[in-house]
Amino acid sequence: MRIDVCMRVDDLQPELISATCAVVFDVLRATSTIITALANGCSGVIPVTDTEDAIARAHQNRHQGLATLLGGERGGRKLTGFDTGNSPLEYSGDVIAGKFLILTTTNGTRTIEVCKTASNVYMGSLLNARAVARRLYNKKSDVTLVCAGTKGRFSLEDAVAAGLVMLELKVLASKDARKDKLQMTDAATAVALLAAGYEKGIGQCLYDSAHGQRLLQLGFDEDLVWCGKANKFSVVPVLDRDKGLITL
Ligand code: 3SL
Ligand code: MG
């Protein structure tokens with residue numbers, strides 16, 4: 001199994017990932033939010049890139065009698081008229097269980113859209129890194145770990161989460177007698193080395209990152225604590241590309 005890493009979504013060549021599984025990482029905060037919502041009983045997340053489309057999709061869902069929340073952010077802040085923002089802490093079980101979530105965010109939902117050409121599209125973050133590694137290792141197909149980045153720039157926290165998945169994959173491979181288990185590109189080796197540097201406290205990468213500092217300025221201190229909890233969940237959300245729906 002060959003593992004590559006795309007350091008920012010703008011570098012992704014959609015045709016090159018069509019034969020691979022893709023894992024989307026937007027640790028701060030879209031994929032952490034999606035993972036939290038689904039782990040707390042959300043019926044499904046519909047990622048939408050455009051705010052007007054998100055509003056229309058929420059109307060459509062409600063018209064069909066489906067319990068639905070409209071969530072999302074621009075500039076990190078909840079959008080006017082939306083039910084919820086993009087903080088994972090807003091999606092506790094009492095709020096989200098049994099409901100669909102229409103979610104639009106600046107980088108994360110765009111990255112999910114771009115990855116739709118992949119054979120399978122999973123959601124990854126620090127919260128579920130071990131579970132993602134297990135799913136990928138069992139599947140044995142080639143993989144592209146796709147870091148969303150922030151507005152076209154590299155984001156440290158996404159690369160560290162991809163690296164944590166790499167470290168977990170290496171643990172699985174070390175226990176497996178098969179030869180030729182992991183073929184890592186230089187990018188995959190780089191993120192593994194990066195994550196290994198944080199092994200004693202991986203959540204620190206959120207405080208070292210530019211977007212983490214921006215969220216602290218906006219008052220989202222608790223989001224950094226939450227998003228830094230490595231392997232809190234064993235769920236691996238997957239996108240149904242035809243329905244545009246993410247479920248477990
Ligand atoms: O860009 C995104 O998708 C968001 O996760 C960014 S924010 O953390 O909500 O600002
Ligand atoms: Mg981000």
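Atoms within a ligand are numbered from 1 in the order they appear, just like the ligands themselves. By convention here, the first residue in the shown sequence is residue 1.
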Notebook entry, point to check: Counting heavy atoms only, which part of R29 comes closer than 4.0 Å to ligand 1: side chain, backbone, both or neither?
Noted result: both
Quick one: nearest non-hydrogen protein atom to [atom], plus distance?
atom                   : result
atom 7 (S) of ligand 1 : H211 NE2, 3.4 Å
atom 2 (C) of ligand 1 : D26 OD2, 3.1 Å
atom 3 (O) of ligand 1 : T105 OG1, 2.4 Å
atom 6 (C) of ligand 1 : E73 OE2, 3.5 Å

Notebook entry, point to check: Any nitrogen or oxygen of G108, main chain or side chain, under 3.5 Å from a nitrogen or oxygen of ligand 1?
Noted result: yes
Margin query: Does any N or O of ligand 1 fall below 3.5 Å from an N or O anywhere on A30, backbone included?
Written below: yes
Next item on the list: May I ask you to test the L215-D223 pair for a side-chain heavy-atom distance under 4.5 Å?
Entry: no
Next item on the list: Could you list which atoms of ligand 1 come closer than 4.0 Å to a heavy atom of G76?
Entry: 10 (O)
Margin query: If the cut-off is 4.0 Å to any non-hydrogen atom of T106, which atoms of ligand 1 fall inside it?
Written below: 1 (O), 2 (C), 3 (O)
Note to self: Regarding atom 9 (O) of ligand 1: of the candidates L218, N86, T150, which has the closest heavy atom?
What the structure shows: N86
Notebook entry, point to check: In terms of side-chain geometry, is the basic nitrogen of D50 or R57 positioned less than 4.0 Å from the acidic oxygen of its partner?
Noted result: no
Next item on the list: Flag yes if V236 and V5 sit in one hydrophobic cluster, no otherwise; membership is Ile, Leu, Val, Met, Phe, Trp, Tyr, and two members link when side-chain heavy atoms are under 4.5 Å apart.
Entry: yes
Margin query: With carbon and hydrogen excluded and only N/O/S kept, which atom of D26 is nearest the Mg ion (ligand 2)?
Written below: OD1
Notebook entry, point to check: Counting backbone and side-chain atoms alike, does A30 have an N/O/S atom under 2.8 Å from the Mg ion (ligand 2)?
Noted result: no
